[in-house]
K.L.:
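The structure's right below; bear with me while I get my questions together.
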Amino acid sequence: MTPYDLRDPDVRRRRFRPIPVRMLVPNVITLLAICAGLTSIRLSIEGRMTLAVYAIVFAAALDGIDGRIARMIKGQSKFGAELDSLADFVNFGVAPGLMLYFWQLHELGNAGWIAAMVFAISGGLRLARFNATMDDPNKPAFAANFFTGVPAPAGAITVLLPIYVAFLELGRIPAVVTAAYTLLIAFLMVSRLPVFSGKTKRMRVPPELVLPAFVAVIVFIALLIAYPWHVLSIGTVLYLLCLPLGYKSYRDQARAMAATAPAGGEVTSPPSAPTLANLSEPPQDDDRPGRLH
């Protein structure tokens with residue numbers, strides 16, 4: 001009898017064990033996000049840029065809730081983590097780059113294609129770095145509240161700013177400026193810039209503010225539907241302006257930790273990218289959480 005002989009009841013029990021529905025729900029949401037990202041590529045090829053942007057925003061919204069739902073219903077899995085990472089690369093790396101190329105960057109010929117390609121590759125590198133360094137034992141405790149570089153969903157939303165501006169009828173930005181801006185966002189994604197994440201903050205709403213919070217969320221959604229380009233443009237600009245604040249917060253906490261450390265203790269440094277030696281080593285006891293950003 002071979003090690004994989006299906007006549008053995010123990011083998012059948014191990015291979016065909018039923019999977020709880022709670023393990024499937026987050027993966028279904030992630031697959032819907034991939035469908036939205038791929039659809040945005042098709043819509044941009046057909047010249048329907050408005051719907052293409054809507055699809056990317058929808059994919060970003062799904063990306064923001066699938067991990068939280070997985071943690072709420074205890075549906076995290078390694079499969080879901082890998083699927084989510086693949087979805088982020090497609091939705092927030094490949095799709096925005098192709099959208100910008102079909103929209104305007106094609107006017108620059110090879111130079112425009114290089115800008116779009118660099119952005120897509122930067123998205124993949126940023127996700128790979130996150131996967132390789134998420135379990136770094138040398139990372140200080142406060143660093144868990146910061147991303148290293150702009151996260152992929154935020155990079156996808158911010159890189160489309162030239163399209164938002166064009167839809168506001170404020171004038172079409174020159175293709176050269178769009179290419180330079182695309183490369184800038186790509187650089188921010190792969191940089192070592194500490195970016196505030198807020199994932200470890202437990203936000204609690206006082207009972208008297210629950211209803212106002214619901215109203216605020218409804219008003220924001222209504223504004224996003226009624227004035228999408230105004231909201232996306234203002235949100236993108238505010239996000240970019242807040243990036244130095246995240247860097248300052250990280251440096252202040254690092255200095256405070258270094259000041260309270262005993263003499264001769266290790267001084268905290270900003271988040272570092274993985275070395276080639278670390279990337280070449282196989283992971284030991286890989287137990288990733290259900291969300292990768």
K.L.:
Should we count CZ of Phe187 as having more than 12 external heavy atoms under 6.0 Å?
P.N.:
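No, because the 6.0 Å sphere around CZ of Phe187 holds 12 heavy atoms or fewer from other groups.
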
K.L.:
Please round to the nearest 0.5 Å and tell me the distance separating atom CG of Leu31 and atom CG of Leu83.
P.N.:
5.0 Å

K.L.:
Determine which pairs satisfy salt bridge (Lys or Arg N to Asp or Glu O under 4.0 Å) with at least one residue from residues 219-246, sequence neighbours left out, and list them in order.
P.N.:
none

K.L.:
Listing request: all side-chain hydrogen bond (donor to acceptor under 3.5 Å, both in side chains) pairs with a residue in residues 222-235, at least two apart in sequence or in separate chains.
P.N.:
none

K.L.:
For Val190, what residues pass the side-chain contact (heavy atoms from CB on, under 4.5 Å) criterion, not counting sequence neighbours?
P.N.:
Ser122, Leu125

K.L.:
Walk me through it: do Val150 and Ile185 pass the test side-chain contact (heavy atoms from CB on, under 4.5 Å)?
P.N.:
CA-CA 8 Å; Val150 172; Ile185 301 301; 5.6 Å; no

K.L.:
Identify the two heavy atoms, one from Tyr239 and one from Val195, that lie closest to each other, and give their separation to 0.1 Å.
P.N.:
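Looking at all heavy atoms of both residues, the shortest contact is OH-CG1, 3.5 Å.
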
K.L.:
Strictly distance-based, threshold 3.5 Å: is any side-chain N or O of Ser85 a donor or acceptor partner for the main-chain N or O of Ala81?
P.N.:
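Checking the backbone N and O of Ala81 against the side chain of Ser85, no donor-acceptor pair under 3.5 Å is found.
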
K.L.:
Give the intermediate values and the outcome of side-chain contact (heavy atoms from CB on, under 4.5 Å) for residues Leu243 and Leu240.
P.N.:
CA-CA 5 Å; Leu243 291 180; Leu240 293 176; 4.0 Å; yes

K.L.:
Would you say Arg126's side chain and Gly155's backbone share a donor-acceptor pair under 3.5 angstrom?
P.N.:
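No, Arg126 side chain to Gly155 backbone: no donor-acceptor pair under 3.5 Å.
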
K.L.:
Given the rule that I, L, V, M, F, W and Y join up when any side-chain heavy atoms are under 4.5 Å apart, are Ile218 and Val231 in one cluster?
P.N.:
no

K.L.:
Considering all heavy atoms of both residues, which atom of Thr148 and which atom of Arg129 are nearest to each other, and what is their separation?
P.N.:
O-NH2, 2.7 Å

K.L.:
How long is the span from the NZ atom in Lys248 to the CG atom in Leu245, to the nearest 0.5 Å?
P.N.:
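One finds 8.5 Å between NZ of Lys248 and CG of Leu245.
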
K.L.:
Through direct or indirect side-chain contacts below 4.5 angstrom among Ile, Leu, Val, Met, Phe, Trp and Tyr, which residues connect to Leu238?
P.N.:
Ile234

K.L.:
Could you report the tightest heavy-atom contact between Ala52 and Ser44, atom names first, then the distance?
P.N.:
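Closest heavy-atom pair between Ala52 and Ser44: CB-N, 4.0 Å.
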
K.L.:
Taking atom CE of Met49 and atom CD1 of Ile45, what is their separation to the nearest 0.5 Å?
P.N.:
10.5 Å

K.L.:
Would you say Val177 and Phe119 are hydrophobically clustered, going by side-chain heavy atoms of ILVMFWY under 4.5 Å?
P.N.:
yes

K.L.:
Might you point out which heavy atoms bring Ala175 and Leu108 nearest each other, and give the distance in Å?
P.N.:
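Looking at all heavy atoms of both residues, the shortest contact is O-CD1, 3.5 Å.
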
K.L.:
Report the distance from atom CD of Glu82 to atom CG of Asn27, rounding to the nearest 0.5 Å.
P.N.:
11.5 Å

K.L.:
Can you confirm whether Tyr54 sits close enough to Leu51 that some side-chain heavy atom of one is under 4.5 Å from a side-chain heavy atom of the other?
P.N.:
yes

K.L.:
With rounding to the nearest 0.5 angstrom, report the CD1 to CG distance, Ile34 to Leu38.
P.N.:
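One gets 7.0 Å once the value is rounded to the nearest 0.5 Å.
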
K.L.:
Among all residues two or more places apart in sequence or in another chain, which pass the side chain to side chain donor-acceptor pair (under 3.5 Å) test with Arg48?
P.N.:
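Expected list: Glu46.
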
K.L.:
side-chain contact (heavy atoms from CB on, under 4.5 Å) with Thr39: which residues, sequence neighbours excluded?
P.N.:
Leu43

K.L.:
Return the set of residues passing side-chain contact (heavy atoms from CB on, under 4.5 Å) with Leu183 (not counting sequence neighbours), or none when no residue passes.
P.N.:
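With neighbours one apart ignored, the set is Ala115, Val118.
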
K.L.:
Indicate yes or no for a side-chain donor-acceptor contact from Thr236 to the backbone of Leu232 under 3.5 Å, with no hydrogens or angles considered.
P.N.:
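Indeed, once roles are kept as given, a pair shorter than 3.5 Å links the two residues.
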
K.L.:
Check the surroundings of atom CZ in Phe58: do more than 12 heavy atoms from other residues, nucleotides or ligands lie under 6.0 Å from it?
P.N.:
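It does not: Phe58 CZ has 12 such atoms or fewer within range.
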
K.L.:
Who passes salt bridge (Lys or Arg N to Asp or Glu O under 4.0 Å) against Glu107, sequence neighbours left out?
P.N.:
Arg172

K.L.:
Using side-chain contact (heavy atoms from CB on, under 4.5 Å), reason through Tyr164 and Leu170 one step at a time and then give a plain yes or no.
P.N.:
CA-CA 9 Å; Tyr164 309 154; Leu170 298 178; over 6 Å; no

K.L.:
Mind checking the CG-CG spacing from Asp63 to Asp88? Nearest 0.5 Å is all I need.
P.N.:
4.5 Å

K.L.:
Test: salt bridge (Lys or Arg N to Asp or Glu O under 4.0 Å). Region: residues 157-170. Which pairs qualify, not counting sequence neighbours?
P.N.:
none

K.L.:
Donor-acceptor pair, distance only, cut-off 3.5 Å: does the side chain of Ser249 make one with the backbone of Gly246?
P.N.:
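Absent.
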
K.L.:
Can you give the donor-acceptor pairs under 3.5 Å from side chains of residues 89-104 to other protein atoms, not counting sequence neighbours?
P.N.:
residue	atom	partner	partner atom	Å
Asn91	ND2	Ala33	O	3.1
Asn91	ND2	Ala87	O	3.2
Gln104	OE1	Thr178	OG1	2.6
Gln104	NE2	Ile173	O	2.5

K.L.:
Linking I/L/V/M/F/W/Y whenever their side-chain heavy atoms sit closer than 4.5 Å, directly or via other members, would Leu223 and Val57 fall into one cluster?
P.N.:
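Yes, because Leu223 and Val57 connect within a single hydrophobic cluster, where side-chain heavy atoms sit under 4.5 Å apart.
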
K.L.:
Kindly write out the residues that satisfy side-chain contact (heavy atoms from CB on, under 4.5 Å) with Val217, not counting sequence neighbours, or none if the list is empty.
P.N.:
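Val217: side-chain contact (heavy atoms from CB on, under 4.5 Å) contacts with Ile221.
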
